[in-house]
Amino acid sequence: MVFLSWAREHQDDLKPTLWRKLYESLRRHPELPSHIETGVFRASLDEAAKAVEGRLKTLRDLETGIERNAAGDVVLKGTDIEVHRIAALLNGDMSTDEILTDYPSLSADQVAFARTYAATHPKAGRPFPKLTAKAALAEADFSALDLDD
């Protein structure tokens, strides 16, 4: 993972043959070295290792903010609100303030958490609507209906 993280940052800098040599050099080490080298080229892996560890910590932290309800759905801890539902609303261009209006029991941090969790753990199956029922009704145009009868 560290090599791939480093490689993503340097993908345009090196030719495929050098990539292969660097990867083979890395495979010869039983533990992650601070650098890898081939010929005169030397690549430091320290920053990439720190970045990977940071991303892994974020993923571990995400697991502490969720729980599963009786149906097995992933919900925000302490609520019955599905994480992917909130993320879908954000993807549908609802603002955090609009979501908090429709879900007053949530905090802004929980809304941000839902976005991050859903980005790292995509939902399989049918997606959630991108508007809440309240928002959909507010946007609905009922002027064509004859409600005076």
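This chain uses plain numbering: 1 for the first residue, then up along the sequence. Because only heavy atoms are used, hydrogens play no part in the values below, and waters and symmetry mates are left out as well, while side chains stay in. This is a predicted model, so every value here is computed, not measured.
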* Lys77 and Phe113: CA distance, side-chain angles, deciding distance, side chain to side chain contact (heavy atoms under 4.5 Å, CB included) verdict -> CA-CA 11 Å; Lys77 195 170 199 161; Phe113 176 89; over 6 Å; no
* Structure fact -> In short, Gln110 meets Thr79 closest at the heavy-atom pair NE2-CG2, 4.0 Å
* To do: Would you check if the side chain of Glu67 reaches a backbone N or O of Val74 as a donor-acceptor pair within less than 3.5 Å?
  => no
For residues 118-128, which side-chain N or O atoms pair as donor and acceptor with protein atoms under 3.5 Å away, sequence neighbours left out?
residue: Thr120; atom: OG1; partner: Thr116; partner atom: O; Å: 3.2
residue: Thr120; atom: OG1; partner: Tyr117; partner atom: O; Å: 3.1
residue: His121; atom: ND1; partner: Tyr117; partner atom: O; Å: 3.3
residue: His121; atom: NE2; partner: Glu63; partner atom: OE2; Å: 3.1
residue: Lys123; atom: NZ; partner: Arg126; partner atom: O; Å: 3.1

* Mind listing the closest non-hydrogen atom pair of Pro129 and Leu89 along with its distance? => O-CD2, 3.8 Å
* Could you go through the side chain to side chain contact (heavy atoms under 4.5 Å, CB included) check for Ser105 and Ile81 one step at a time? => CA-CA 10 Å; Ser105 64; Ile81 302 169; 3.8 Å; yes
* Give a yes or no on this: more than 12 heavy atoms of other residues, nucleotides or ligands lie within 6.0 Å of atom CG of Asn69. => yes
* Indicate yes or no: does Lys50 engage Glu53 in a salt bridge with an N to O separation below 4.0 Å. => no
* **Heavy-atom check, side chain of Thr96 versus side chain of Leu90, under 4.5 Å** => yes
* Applying the side-chain contact (heavy atoms from CB on, under 4.5 Å) test to Ile86, which of Ile99, Val75, Asn91 qualifies? -> Ile99
Using atom types as modelled, flag every donor-acceptor pair under 3.5 Å from a side chain in residues 130-139 to any protein atom, sequence neighbours excluded.
residue: Thr132; atom: OG1; partner: Asp102; partner atom: OD2; Å: 2.3
residue: Thr132; atom: OG1; partner: Ala135; partner atom: N; Å: 3.1

